[in-house]
Structure formats: C-alpha cells, structure tokens
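Because the structure is predicted, anything quoted here is derived from the model rather than measured. Worth knowing before you read on, the calculation uses all heavy atoms, side chains too, and leaves out hydrogens, waters and symmetry mates.
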Amino acid sequence: MEKISENACFGGVQGVYSHSSASLGCDMTFGLFLPAAAQRGPVPILWYLSGLTCTHENAMVKAGAQAWAARAGIAVIFPDTSPRGADVSDDGAYDLGQGAGFYLNATQAPWAAHYRMRDYILNDLPDLVLGHFPLNSRRQGITGHSMGGHGALILAMTSPGRFCSLSAFAPIAHPTQSDWGRKQFAAYLGQDQTAWADHDATLLMTAQGFDGNVLIDQGASDQFLNLLMPESLAHAMALRRQPGQIRMQPGYDHSYFFVASFMADHIRFHADTLLG
C-alpha cells in the first residue's frame with residue numbers, strides 16, 4: 001500500500017492510498033477518514049459507495065461526512081467505483097465500464113477479467129485496511145449514493161451478519177426493471193435474467209430483507225426518479241414489514257448537495273447501532 005496524501009481533518013486524518021488489488025487485477029485508490037478516536041483503539045467502520053462516473057474522491061470531498069464521523073468516532077472508507085487502468089475494459093458510455101462497476105462480479109467477457117467489485121468491497125479492500133489501520137471489523141455499516149446506494153443495499157442483504165447498519169441516498173432500487181441496471185446486467189452477467197435477481201434491492205428485500213433497521217433518503221425532485229424507482233423498494237419494505245424508513249425529501253435533487261444535507265442524519269443513524 002502506498003500513501004498518496006494525508007491531511008488533518010476535524011481532529012483526525014483524511015488519507016488517500018493506492019494498492020494493487022488481487023480481485024480486480026489492477027491498481028486501485030481509496031480514501032479513508034480516521035477520527036481522533038482511532039488514536040485510542042479500533043473504531044467502527046462506515047463504508048461509503050459512490051455512484052456512476054465517480055471515483056473515491058467525489059464523496060470524500062463533497063459529501064460532508066468527516067465532520068459528523070469525527071464527532072461520532074467512526075472511520076469512513078471511500079472506495080473507487082470500478083477497476084481502473086489502460087488494460088481494463090471500458091465503454092464509451094458513462095454508465096458502463098470504468099466508473100460504473102455496479103458492485104458485482106462480472107461473469108461475461110470482456111468484463112469478467114477485472115470487474116469483480118463485490119469481491120473487492122467484501123474481501124480485498126477490507127483485508128488491506130484492517131491490516132493497516134485501527135478499525136473494528138465487528139462493527140461495520142454501509143451506505144452509498146445512487147449506484148453506490150444500490151451497492152450498499154445488495155451487499156448488505158446478501159452478506160448476512162457482515163454489516164450492522166444499512167442506509168442509502170437515492171439508490172437504484174429496482175435495476176432489473178430500469179435502464180440503470182438492465183443494460184449493465186446484460187453486459188456484466190449475461191442475458192439470463194435469473195442471474196440478475198441477487199443484484200436487485202427490491203427483489204432482495206422481497207425475498208430476505210435486512211436484519212436491522214434501514215434508512216433511505218430520496219429527493220422528491222430527483223431528475224432520475226424514473227430510473228431509481230424508489231416506490232418499488234418502498235412497496236417491498238412494506239410487504240416484508242422491514243424495520244426502517246424511506247423518506248421523500250421535498251425539493252431535493254440527485255446532487256451531492258442533497259447527500260450533504262442529510263449526511264448528519266445518516267451518520268447518527270449508523271452511530272446508534274455501531275456504537276450502541
């Protein structure tokens with residue numbers, strides 16, 4: 001692992017690091033905020049997964065998580081959204097290829113050679129950070145925005161016991177029925193739609209749900225509402241009687257201004273479980 005930068009931040013340290021990823025077969029960069037509480041011992045972890053076209057940097061700079069995480073004494077990890085590099089397959093569209101990994105393990109050529117973001121988030125990167133930083137592996141939460149909200153939901157629901165807390169900002173909630181999903185699943189996973197079900201938050205919520213509370217915020221003026229389909233996930237949560245809530249926030253769109261506006265609520269939500 002190579003240190004790219006470390007900056008004092010709200011009494012803690014905001015770092016950026018690079019490493020060679022075995023799961024992805026390329027070099028990756030991630031951000032990690034360590035609060036001052038980490039000087040006294042291992043601290044809980046909140047994973048923040050970003051959306052389409054983003055890198056590790058977008059949320060690290062724009063989401064406003066560090067101030068609230070510092071108060072709570074929680075570390076925040078900002079992974080990249082896909083494998084990177086000249087040898088990694090890509091596509092000219094913004095919603096496929098580099099910057100659009102969808103947090104799954106691709107099975108189809110040419111994507112299968114590198115696009116194993118599920119393994120990266122669940123295995124590769126945790127092994128690295130837990131070996132280098134004072135982090136508590138037993139207390140992990142996960143959140144994300146848009147494609148990253150999709151990633152947070154599916155990784156939490158398909159990894160029982162791994163994450164203690166789960167939230168999302170404007171997640172892609174029903175990708176098997178959306179253009180933000182069907183296109184990518186066909187490319188990464190193939191045309192057999194039975195292979196898509198484990199990557200759809202609405203279907204997973206219907207089938208198994210999450211063992212804990214769920215918090216989802218959605219901007220009511222989001223320009224991508226028809227692609228995100230929050231009503232499908234809300235219906236599935238109601239049918240399952242899943243503990244938690246989906247909040248429609250009047251006037252808010254899909255931007256990081258929306259994410260930053262409700263970040264304090266999400267940090268408090270995770271802290272209630274991770275520190276309780």
Side-chain angles (χ1 to χ4, degrees), residues 3-17 29-51 54-81 121 125-126 129-130 132-137 139-149 151-152 156 163-171 212-219 222 244-245 247 249-276:
K3 178 177 71 175
I4 296 176
S5 63
E6 287 183 342
N7 298 93
C9 183
F10 295 103
V13 176
Q14 175 61 64
V16 178
Y17 310 91
T29 302
F30 67 94
L32 168 64
F33 171 71
L34 274 179
Q39 298 173 17
R40 300 188 295 273
V43 295
I45 307 164
L46 178 61
W47 295 85
Y48 184 100
L49 306 184
S50 292
C54 291
T55 69
H56 70 282
E57 187 176 31
N58 299 72
M60 186 181 80
V61 173
K62 297 178 179 180
Q66 291 91 339
W68 306 108
R71 292 187 184 188
I74 294 173
V76 185
I77 300 175
F78 304 94
D80 203 346
T81 55
I121 299 297
L125 188 52
V129 295
L130 290 170
H132 285 83
F133 301 100
L135 302 171
N136 187 338
S137 63
R139 295 191 174 272
Q140 300 187 55
I142 190 166
T143 189
H145 173 230
S146 193
M147 179 186 72
F163 299 102
C164 305
S165 54
L166 169 62
S167 76
F169 300 85
N213 287 328
V214 178
L215 173 62
I216 296 172
D217 274 309
Q218 171 64 63
D222 193 314
Q245 56 182 320
R247 308 189 303 188
Q249 302 292 358
Y252 286 91
D253 59 15
H254 199 69
S255 70
Y256 271 101
F257 296 111
F258 155 66
V259 174
S261 296
F262 298 98
M263 181 57 71
D265 287 356
H266 283 247
I267 295 290
R268 282 193 292 263
F269 170 80
H270 288 279
D272 284 346
T273 297
L274 297 177
L275 300 173

Acceptor/donor pairs from residues 267-275 side chains to any protein atom, 3.5 angstrom cut, sequence neighbours excluded:
{"from": "Arg268", "atom 1": "NH2", "to": "Asp265", "atom 2": "OD1", "distance (Å)": "2.7"}
{"from": "His270", "atom 1": "ND1", "to": "Ser165", "atom 2": "OG", "distance (Å)": "2.7"}
{"from": "His270", "atom 1": "NE2", "to": "Ser167", "atom 2": "OG", "distance (Å)": "2.8"}

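- Considering only residues two or more places apart in sequence or on other chains, Phe30 meets the ring-ring contact (aromatic ring centres under 6.0 Å, His included) condition with Tyr17, His19.
- When all heavy atoms of Ile142 and Leu46 are compared, the closest pair comes out as N-CD1, 3.7 Å.
- Nearest heavy atoms, Asn58 versus Thr55: OD1-N, 2.9 Å.
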Can you list, pair by pair, the side-chain donor-acceptor contacts under 3.5 Å of residues 252-259, counting residues two or more places apart and other chains?
{"from": "Asp253", "atom 1": "OD1", "to": "Ser255", "atom 2": "N", "distance (Å)": "3.0"}
{"from": "Asp253", "atom 1": "OD1", "to": "Ser255", "atom 2": "OG", "distance (Å)": "2.7"}
{"from": "His254", "atom 1": "ND1", "to": "Asp222", "atom 2": "OD1", "distance (Å)": "3.3"}
{"from": "His254", "atom 1": "ND1", "to": "Asp222", "atom 2": "OD2", "distance (Å)": "2.6"}
{"from": "His254", "atom 1": "NE2", "to": "Ser146", "atom 2": "OG", "distance (Å)": "2.9"}
{"from": "Ser255", "atom 1": "OG", "to": "Phe257", "atom 2": "N", "distance (Å)": "3.2"}

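- Qualifying side-chain contact (heavy atoms from CB on, under 4.5 Å) partners for Pro42, counting only residues two or more places apart in sequence or in other chains: Asn136.
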Please test Leu135 against Leu130 for side chain to side chain contact (heavy atoms under 4.5 Å, CB included), starting from the C-alpha separation and ending with a verdict. CA-CA 6 Å; Leu135 302 171; Leu130 290 170; 3.8 Å; yes

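- Between Ile216 and Pro171, the shortest heavy-atom contact is CG2-CD, 3.7 Å.
- Listed by first and then second residue, the side chain to side chain donor-acceptor pair (under 3.5 Å) pairs that reach into residues 34-50 are Trp47-Gln140, sequence neighbours excluded.
- Note that the CG atom of Leu125 and the CD1 atom of Ile77 stand 6.0 Å from one another [nearest 0.5 Å].
- Scanning for side-chain hydrogen bond (donor to acceptor under 3.5 Å, both in side chains) contacts around Asp217 gives Arg247, Gln249, His266, with sequence neighbours left out.
- Taking each heavy atom of Ala75 and Leu34 in turn, the nearest pair found is CB-CD2, 4.1 Å.
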Ignoring hydrogens and angles, write down the donor-acceptor pairs under 3.5 Å from the side chains of residues 61-73, residues two or more places apart or on other chains.
{"from": "Gln66", "atom 1": "NE2", "to": "Gln14", "atom 2": "OE1", "distance (Å)": "2.9"}
{"from": "Gln66", "atom 1": "NE2", "to": "Met60", "atom 2": "O", "distance (Å)": "2.8"}

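- Heavy atoms only, all atoms of each residue included: Asn213 and Gly244 are closest at OD1-N, 4.0 Å.
- Applying the salt bridge (Lys or Arg N to Asp or Glu O under 4.0 Å) test to pairs two or more places apart or on separate chains, those with a residue in residues 6-17 are Lys3-Glu6.
- Put simply, CD1 on Ile45 and CD1 on Ile74 are 10.5 Å apart, with the number rounded to the nearest 0.5 Å.
- For the pair Ala152 and Leu166, the tightest heavy-atom approach, listed with the atom from each and the gap, is O-CD1, 3.4 Å.
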